[in-house]
Each structure stands twice: as C-alpha cells, then as structure tokens.
There are 2 protein chains.
Amino acid sequence: MRSYGQYCALAKALDVIGDRWTMLIVRELLIRGSCRYTDLRDGLPGIATNLLADRLRELEQAGIVRREAAPPPIATTLFRLTVRGEELEPVLQELGHWGAPLLAEPAAEDVFRSRWLTLPLEHHLRDRTPDLPPVTLEVRTGDEPMLIETAGGRVRTRPGSVPNPDAVLTGPPHLVIATLTGKLDLTDDRAAGLQYLGDPETLRRVQPMSPAPAEQSSASRATDEEGTS
Amino acid sequence: MRSYGQYCALAKALDVIGDRWTMLIVRELLIRGSCRYTDLRDGLPGIATNLLADRLRELEQAGIVRREAAPPPIATTLFRLTVRGEELEPVLQELGHWGAPLLAEPAAEDVFRSRWLTLPLEHHLRDRTPDLPPVTLEVRTGDEPMLIETAGGRVRTRPGSVPNPDAVLTGPPHLVIATLTGKLDLTDDRAAGLQYLGDPETLRRVQPMSPAPAEQSSASRATDEEGTS
DNA sequence: CGGCATCCTCTTTGATACTG
DNA sequence: CAGTATCAAAGAGGATGCCG
C-alpha cells in the first residue's frame, strides 16, 4: 500500500493494515490460531490467490505474521500471528461491534462461515450463573456446527460438535445471531426456520444482560438518520 | 468499494469504511466537529479532490456523514458526522492506539498537523489531581499551537493559544509525544530540541500513570519479533 | 474563493491458468 | 499444497477546468 505520508498514529496503522483483505486475513488467523495457506483461502472466499500471497508477505515484513515449518509428521508451512499481530484483536472487536447492525438483514448473496461468529460471540456472551455446573450449547448454522461452552466463568466458542449438548440451536445465521444476542425470543413469530431443542435455561444463561428490545427488522433507512454535535 | 460479500460483521464494516482515505476523513470530522470541504482537504494532505468528493458522497449514503447548509451569514456547505458516524470513535481510538508505536521514529518526510494529536491525547492523558485548581499547558509543535487543559476531572485538548499558560512545551512532534506520554523525561539527554517553560508540575499532572520505561529509540526491527499462541 | 467534475496516467485488484 | 504468471478491469493520483 502506498503510505499516506502523515505523521499520525491512525494513518500509520492504516499504512500497515489498511489494505484491502488485510484485516480479514488477520481475522482468520485470530480465529484459527495457526493455519495453512489453503485454510486461509477457504476462510477468505473471494480473495485472489496472488493477493493472499502478497498480503502474507507484507504482513510478515510488518512483523504481524510469522511463517513456520510444521512439525515433522506433516510437511507444510504454517502461518500465525506474532504478538504484535494478536494486539490487533481489540481493533477487530471494535470494528465488528460497529458493523454488527449491518448484519440485521439476512445473508442474501453473502457467503458465510460459522467460524466467523466465534470471536464476536465470545466477546458478547456472558455466563450469568458461573456457579452452576457448566453447560454446552450446540449451534448449527452455516457450514459447520459450533459449540458454545461455559467454563471458568467465561463463555468459550469453538467449531465442533458433542454427543449430548444441553441444547441445540439450528437455523439461518441472522436468526441464530438475533437469538443468541437476545434480540429475538424463542417464542417470537419471526422465528420461522429457527429450531431450539433442549433446556431453555441453557440459552438464557449465556445471553448478554438487558436483551435489546426487538429491532424493527430493516425498514426505513434514510429517514432515521440524525446528527448531534 | 466492492463488497467482500461475506456475512461477517467485520467484513460488513470494512465494506462501508474500509476504502482508502475513508477512515481518515472520519478522523477529520471527529476532530473538527463540523467543517467545510476545504477544511477537510487541508486536514487530508495528499488526497485527490475528486476522491474526497466521492468519499463524502459514499459516506453520506452510508448514513455516516450529513451535509448541511451553513447558517445565513456564510453561504457554504458544512459536513458533519451523524450519530452513527460518531460511533466510529472507539474504532479509531483502537486503531490509533495500535499504531502509536509506529510514531516512535521522527516524522521524516511525513506531513503533520497538530490537530491530529488532540484525539489520542484526550484519550491517554489523565488529570492526576483533579481537586487542585485547573491548569493549562500550551504545546507548540507542527502547524499550530495546541492547548491541554484540565477541566472537571477530564483533560481536554484543542487547537489554540492563551495569554498565560501554566507551562509551554515546544519541540518536534515525536519528542513532544514522548514527553507527554511519559516515555521521555525533561532531563533526558535525548531531549535535544525540546523546550519546556513553566511549572514542571503542570506536565506531571496530566501524564498517564506508570510512565512506560524509556524505549530504545528505533534499533533492531526484524530481531525482536516473537510469537505466542 | 468553495465545491466539485473531467481527463489522463499509473497502480492495484480480480479471475484464471499454470508450476515445483 | 503453496504458491507464481498473466491479463483485463477497476480504482487511485495528479492536473486542470468549470460554475456559482
């Protein structure tokens, strides 16, 4: 990327990670920890392979990504974030938080990977009753199942499946998100296509406090803009 | 900008504000509140005028910027952020925080506007003794003087100058920053070109707690990268 | 002046094909 | 698997022109 040439922390940050695709590559590495070129490509549908190669080289040079040889059994290159790279997590969290309302309308043409939910969900969900025995909620949406588990007072998410979860939530991404964040109630009319099996308490346990009042789905755009100083 | 086409909050955010120059335009509007096209252009050295016009239109469409006619005396257009636009402040703060280490080395070729310091400084500085009478520190670096004032327990910054500040700090940007953030001591050898006049207590009062140990200026890049999981 | 629109060149991207 | 090579299309940068 061409530098902005400005002595400003924001501009300098953007000089390094402001390029197209760069932050999404960091997202994948944050989600997956350490992974192969092909894993990255799979998590970044739409990226051109030469761009991915270019960006990885730039990120390596910038000290954000490290390339390492995989342990003996397998022979492949692995990519992972450096400490400096991991420090980008709060940035991505804030950006994701700001962008969350844009997910209000269903996916439409968009591709979706259930892994993309793990980071924001860990950030938003809380264990309301950490003293009770841990629970596991399986979420089935998108390409692969996902687990939401309470552990040590925190809520952890990871791709995967278990034999006997306390509950299973199944449905299209936008309804699953609305449900997990408390914007949509299980008894809600709009929940067509959503299925919840198991103890209702499991869901309530991890939902954030003060569930936001149900949003009007997606009407009126230009009219509800309002500015203040 | 071409959409990433991913149903992911981060990708959606970047669809809207990921374009080149866009975040810097938001920075200017956050700093200046409400301003004219030419003010923006001045705060964004290097931008092509057609790009600024394009981006402003896109931001308006996205509900981030509002265009308003200036009050009768003057006849000009004013641009300002909507509420949705102001909600980007935490994002810019995090990005700036991450990028701050990149300012360690002096400006070199970079252009600089002292206004660019106001946002991050307000975020980092603290009033250590809010019960004492308020103080004013004038900073002279870059294109225009700047004031750092304690008020109501907070530290406020703004471009400007006053007749009798409690202290005046003058010098090149990187030394001024190092001083204000406590990385550089007033008695430090490296402070060549830095001048401080007035009560030393004024500076100490607004500096953040636990001043970071003086950084080795800018040696060794490739060697000090280290990864953890 | 303030607020753009046009024109032109150069760089970056996106899509696809190919290789050690 | 982990890229490089190629090429057309889109976008950025820079200069200048226009209009109230």
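In this structure, the nucleotide among dA5(C), dG2(C), dG3(D) sitting nearest to the side chain of Arg57(B) is dA5(C).
Spacing between atom CG of Asp42(B) and atom P of dG2(C) amounts to 11 Å, rounded to whole angstrom units. As a whole-Å value, the separation of Glu68(B) CD from dG3(C) P is 13 Å. Rounded to an integer number of Å, the gap from CG of Leu44(A) to P of dA15(C) is 14 Å. Taking atom CZ on Arg41(A) and atom P on dT16(C), their separation rounds to 13 Å, with Å as the unit. Between the CG atom of Leu59(B) and the C1' atom of dC4(C) there is a distance of 16 Å, rounded to whole Å. With rounding to whole Å, Leu56(A) atom CG is found 16 Å from dC1(D) atom P. For Tyr37(A) and dT19(C), the OH to P distance is 17 Å, given to the nearest whole Å. To the nearest angstrom, C1' of dC4(C) lies 9 Å from CZ of Phe79(B).
Ion pairing between Arg20(B) and Asp19(A) fails under the 4.0 Å rule for side-chain N and carboxylate O. Of the charged side-chain nitrogens involved, none lies within less than 4.0 Å of a carboxylate oxygen, so that Arg115(B) and Glu28(B) do not count as a salt-bridged pair. Here Asp42(A) pairs with Arg113(A) in a salt bridge; the nearest charged N to carboxylate O distance falls below 4.0 Å.
Atoms CG and OG1, on Leu169(B) and Thr141(B) in that order, are 8.0 Å from each other to the nearest 0.5 Å. In this structure, Arg140(A) CZ and Leu147(A) CG are separated by 9.5 Å, a value rounded to the nearest 0.5 Å.
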Under the salt bridge (Lys or Arg N to Asp or Glu O under 4.0 Å) rule, what do Arg66(B) and Glu60(B) come out as? Steps first, then yes or no, please. CA-CA 6 Å; Arg66(B) 212 158 28 109; Glu60(B) 206 182 344; over 6 Å; no

Please test Arg32(A) against Asp39(A) for side chain to side chain contact (heavy atoms under 4.5 Å, CB included), starting from the C-alpha separation and ending with a verdict. CA-CA 9 Å; Arg32(A) 312 180 83 121; Asp39(A) 298 330; 4.0 Å; yes

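For Thr38(B) and dG3(C), the shortest distance from a side-chain N or O to OP1 or OP2 is below 4.0 Å.
When the C1' atoms of four end pairs are superposed on the next four at each end of the helix from dC1(C)-dG20(D) to dG20(C)-dC1(D), using five pairs per end, the two resulting axes differ in direction by 30°, to 10°.
Shown here are the ring pair (Phe, Tyr, Trp, His ring centres under 6.0 Å) partners of His124(A), two or more places apart in sequence or in another chain: His97(A).
The aromatic rings of Phe79(A) and Tyr37(A) are tilted relative to each other, their planes meeting at an angle between 30° and 60°.
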Contact string for nucleotides 5-20 of chain D, one letter per nucleotide 5' to 3', B = base within protein heavy-atom range under 4.0 Å, S = sugar-phosphate only, - = neither, reads BB-----SSB-B----

